[in-house]
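Working notes, beginning with the structure itself.
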There are 2 protein chains.
Amino acid sequence: MSENPRSMPAKTRRRQLIKATIKCIAKNGLSGTTMADVTSKAGLSLGIVNLHFETKEKLLIETLRFISDEYRNGLDKIFFNDKLSVEEKIIAHVSFDFSRAITDRDKLAVWFAFWGETKSRPTYMSICADYIDEIAKNLTSLFSILKKEGNYTSVDPDLVCICYTALSDGLWLDLLLTPKGWDADDAKAVAMHYLATQFPNNFSHIR
Amino acid sequence: MSENPRSMPAKTRRRQLIKATIKCIAKNGLSGTTMADVTSKAGLSLGIVNLHFETKEKLLIETLRFISDEYRNGLDKIFFNDKLSVEEKIIAHVSFDFSRAITDRDKLAVWFAFWGETKSRPTYMSICADYIDEIAKNLTSLFSILKKEGNYTSVDPDLVCICYTALSDGLWLDLLLTPKGWDADDAKAVAMHYLATQFPNNFSHIR
DNA sequence: GCAAACTGAATGAATAGTTATTCATTTGTA
DNA sequence: TACAAATGAATAACTATTCATTCAGTTTGC
């Protein structure tokens, strides 16, 4: 661990604590993550979370927001990149979904830790609800354009978006649960296989 | 609630407590489920869980085993039913995956509550690991036979099994998270849509 | 036929252990 | 010296587990 200067900008400390929280949730689960774990993982003292986040609950919420923002921002950068064709945007979207940053096992563990509690804690859901909608809208519009451009008359863009999204959720779960012999590149190939069934002229030869 | 006779066979009490545990996990999450919650939901006294399960952890494990067994037994009954054709078995498999019993929101919440903790508790994983393998093997073999029977030369049965399985995991997550305007029949239609891309002569017209 | 003793399931008050939160004190810096 | 950030011992709240007691049904002895 790096040494901790006595004093740091609040933003740095908050990020440091969020990073430690991600590791603790991955290691001990949401229920098993204690303030003592988090602060000692960060190499700081017990009271510091309450100083920077007030409560444990708020730390958890900020942790979820952190990984949510990372995901949303990554996809926005692709969707609003004028230099990419529609086909390239879709490929970039899939590549991002199965990139190192997103399929990091600690972060996957955090996602599913929160999904497992959403029914009981509507707050968790509300953090993601609106941007999930936005991502779906954007992805659907890409499929829509590709349908026109490629003359895929029988494709249903809404259906393809729902199916692709569920598929990638399921593949992430596999990546989290399956211990070995299966990595993000394999998962990406499965996702591409599905897109190739819908847009054979665009994605059949992509690895 | 029904009145509780003072004394009951152990098996009945255990099942009664497991049912209550499922409801509590769905309502309060794994971390928020206390012995007091479970026993009061079951209409019994605080000490009874320790009497029948020894510890809270063992109650949770038996609860996971209960819903796992229910799922595995349902699929086994289909796979080993000699009266069904391969096509009928696959359709029955999908119908079961999106049946009332399996897509019950309380039970889905329990599944994902445990998935969210598996990385930290290998025990949870080990309960499911072997039968997940078995289910995959069986389903792959069905796809394999259908490939031959239907002359689907370019289908990869292993890939289709992985893809279908991930897809249904993701659709279950959607069913758990999405509050309204989307039900198990819709999810089933998405799964069927995928199978139709692989076996168009068998599943294109199935709802 | 009847009550007294026995049995084991069920109860819930008490206990022991854990953990989030507080805040008086310490420490480095300006 | 003054100040803000950080510390960690102490506190308060919560919760799993224990176990002496209660209770209803069954058996035994007369």
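Bear in mind the structure is a predicted one, so any value in this text is a computation, not a measurement. Throughout, a chain's letter reflects where its sequence line sits, starting with A, and its residues are numbered from 1.
Taking 4.0 angstrom as the limit, B/Arg13 places a side-chain polar atom (N or O) nearer than this to OP1 or OP2 of C/dA10. Between D/dA6 and A/His52, a contact under 4.0 Å exists linking OP1 or OP2 to a side-chain N or O.
Projected onto DNA chain C by closest heavy-atom contact, A/Gly47 and B/Ser45 fall at different nucleotides, the more 5' of which corresponds to B/Ser45.
Atom NZ of B/Lys58 and atom C1' of D/dT17 are 13 Å apart (whole Å). One interatomic measurement links the two molecules: NZ of A/Lys11 to C1' of D/dA5, which rounds to 19 Å at whole-angstrom precision. One can place CG of A/Leu51 at 18 Å from P of C/dT26, the figure rounded to the nearest angstrom. At whole-Å resolution of the value, CG in B/Leu60 and P in D/dT17 are 10 Å apart. Atoms CG (B/Leu44) and P (D/dT22) sit 20 Å apart, rounded to a whole Å. Rounding to whole angstrom units, CG of residue A/Leu59 and C1' of C/dT21 are separated by 14 Å. At whole-Å resolution of the value, CE in A/Met35 and P in D/dT11 are 19 Å apart. One atom, CG of B/Leu46, and another, P of C/dA14, lie 13 Å apart when rounded to the nearest Å.
Atom CZ of A/Arg105 sits in a crowded spot, with more than 12 heavy atoms from other residues, nucleotides or ligands closer than 6.0 Å. The environment of A/Lys27 atom NZ is sparse: at most 12 non-hydrogen atoms of other residues, nucleotides or ligands sit within 6.0 angstrom.
The side chain of A/Lys56 lies closest to C/dT21 when the candidates are C/dT21, C/dG12, D/dT7. Comparing atom distances between the A/Thr34 side chain and each of D/dT17, C/dT19, C/dT22 picks out C/dT19 as nearest. Here D/dT17 is the nucleotide among C/dT22, C/dA10, D/dT17 with the atom lying nearest to any side-chain atom of B/Asn50.
A salt bridge is defined here as a Lys NZ or Arg NE, NH1 or NH2 lying under 4.0 Å from an Asp or Glu carboxylate O, and B/Arg65 with B/Glu62 meets this definition.
The aromatic rings of B/Phe143 and B/Tyr164 stand perpendicular to each other, their planes meeting at an angle above 60°, with 30° marking the opposite boundary. Ring orientation note: the planes of B/Trp115 and B/Trp111 are close to parallel, at an angle under 30° on the 30°/60° scale.
At a threshold of 4.0 angstrom between heavy atoms, the contacts of A/Thr33 are confined to the sugar-phosphate backbone, with no base atom among them.
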